[in-house]
Amino acid sequence: MTRIVAINASPRITWNTATLVRDAARGAESAGAEVQVFDLYQLDPFMGCRSCFACKRGKTAGRCVYPDGLTPVIDAIREADGVIIGTPNYLGDVSAGLRCLMERVTFQNLTYKKDPRWYREASTPVLFIMTSNAPDGAYQEGGFYAHMLQSKLMSISHAIGPARPLVCGSTLQVSDYSRYDWDMFDAEQRRYRHENTFPLEREMAEELGTELVSNPWA
Ligand SMILES: Cc1cc2nc3c(=O)[nH]c(=O)nc-3n(C[C@H](O)[C@H](O)[C@H](O)COP(=O)(O)O)c2cc1C
């Protein structure tokens, strides 16, 4: 049985990121996979790397063994055939929760040796979903978000395996913009996009989840 781990790294468990992660998870399930979904912000407390270096020696080499809320996620990723990760863009980066997870998952795999550089070959395919206020176009070649996205895909490919992106920009951030004193956003446009484009992105997430199982990328 193909095992897929799906991680929602938004603190909100019913909004844009969580929705797309669950759509991708459903796609993977429809292709016959067993899917385990984690909402990172619902886990027991956790932190990023504690610099204990247990992953660099002895029997625990190559494994993050610091026990906290992330332990079941790190263990599940190690056993997975495919991984779905969804995060909101927070301040031009992934969410802090995902940053903690990436520190732990990436650092455990670094040998600190010239050869080999990694404890294990990172070959588990990853679907990487990012949602944001910025439009999708901001992630295309050239700008800061494009570079940020490429650097995240590169880190993930070293830590877990080859990563494919799905970016969903200009998301609906709140259900009622009139409750806030914001003048940066066109609420009507956001609502329109949520009702017309977001459903297509949900379909795409589901299709990519299916592909992760039926035709995994290398
Ligand atoms: C703390 C915080 C920081 C954010 N920073 C950015 C940002 O730098 N760029 C951006 O495009 N959107 C930013 N956003 C907007 C979110 O990325 C966007 O609303 C996202 O779709 C939220 O995901 P969710 O609905 O799954 O929670 C930020 C939102 C929050 C709460």
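In listed order, ligands and their atoms are each counted from 1.
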Peer 1: I'd like to check which ligand 1 atoms, numbered from 1 as shown, lie under 4.0 Å from a non-hydrogen atom of R12.
Peer 2: 24 (P), 25 (O), 27 (O)
Peer 1: Among all the protein's non-hydrogen atoms, which is closest to atom 7 (C) of ligand 1, and how far away is it?
Peer 2: N89 OD1, 3.3 Å
Peer 1: Could you find the nearest protein heavy atom to atom 20 (C) of ligand 1 and give me its residue, atom name and distance?
Peer 2: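 Its nearest protein heavy-atom neighbour is T131 OG1, 3.2 Å.
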Peer 1: Using side chain to side chain contact (heavy atoms under 4.5 Å, CB included) as the criterion, point out the one residue from I85, I160, V167 that pairs with F128.
Peer 2: I85
Peer 1: First locate atom CZ of R63, then atom CD of Q108, and finally report the distance between them rounded to the nearest 0.5 Å.
Peer 2: 8.0 Å
Peer 1: Could you say whether the N/O atoms of L91 and ligand 1 ever approach to under 3.5 Å?
Peer 2: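 In this structure, L91 places an N or O atom under 3.5 Å from an N or O of ligand 1.
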Peer 1: Evaluating non-hydrogen atoms only, which member of Y90, W15, Y145 is closest to atom 2 (C) of ligand 1?
Peer 2: Y90
Peer 1: Which residues pass the salt bridge (charged side-chain N to carboxylate O under 4.0 Å, His left out) test with R202, not counting sequence neighbours?
Peer 2: D23
Peer 1: Measure the acute angle between the ring planes of W182 and Y180, then classify it against the limits of 30° and 60° as parallel, tilted or perpendicular.
Peer 2: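 The arrangement is parallel - the two ring planes meet at less than 30°.
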Peer 1: Keeping R164 on the side-chain end and V126 on the backbone end, is there a donor-acceptor pair under 3.5 Å?
Peer 2: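 Answer holds: no.
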Peer 1: Is the closest N or O pair between A134 and ligand 1 shorter than 3.5 Å?
Peer 2: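 Checking ligand 1 against A134, an N or O pair does fall under 3.5 Å apart.
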Peer 1: Which residue in the set S175, P88, S10 passes side chain to side chain contact (heavy atoms under 4.5 Å, CB included) when paired with W15?
Peer 2: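 In the set S175, P88, S10, the residue that makes a side chain to side chain contact (heavy atoms under 4.5 Å, CB included) with W15 is S175.
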Peer 1: Against heavy atoms of P88, which atoms of ligand 1 measure under 4.0 Å?
Peer 2: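 In order of numbering, the contacting atoms are 17 (O), 20 (C), 22 (C), 23 (O).
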Peer 1: What residue and atom, counting heavy atoms only, is the protein's closest point to atom 26 (O) of ligand 1, and at what distance?
Peer 2: T17 OG1, 2.6 Å
Peer 1: Checking side-chain hydrogen bond (donor to acceptor under 3.5 Å, both in side chains) against R22, which of T14, D39, T17 comes through?
Peer 2: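 For R22, the side-chain hydrogen bond (donor to acceptor under 3.5 Å, both in side chains) test succeeds with only one of T14, D39, T17, which is D39.
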Peer 1: Using heavy atoms and a threshold below 4.0 Å, how should the contact between S132 and ligand 1 be classified: side chain, backbone, both, or neither?
Peer 2: both
Peer 1: For residues Y145 and S132, is any side-chain donor paired with an opposing acceptor at under 3.5 Å?
Peer 2: no
Peer 1: In ligand 1, which numbered atoms sit nearer than 4.0 Å to a non-hydrogen atom of S10?
Peer 2: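 The atoms of ligand 1 under 4.0 Å from a heavy atom of S10 are 24 (P), 26 (O), 27 (O).
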Peer 1: Do G92 and ligand 1 have an N or O pair less than 3.5 Å apart?
Peer 2: yes
Peer 1: Is the distance between the ring centroids of Y112 and Y119 less than 6.0 Å?
Peer 2: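 For Y112 and Y119, the ring centres are not under 6.0 Å apart.
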Peer 1: Give the numbers and elements of all ligand 1 atoms closer than 4.0 Å to a heavy atom of T171.
Peer 2: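 Listed by number with element: 18 (C), 19 (O), 20 (C), 21 (O).
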Peer 1: May I ask you to identify the nearest protein heavy atom to atom 10 (C) of ligand 1, giving residue, atom name and distance to one decimal place in Å?
Peer 2: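 The closest one turns out to be N133 N, 3.6 Å.
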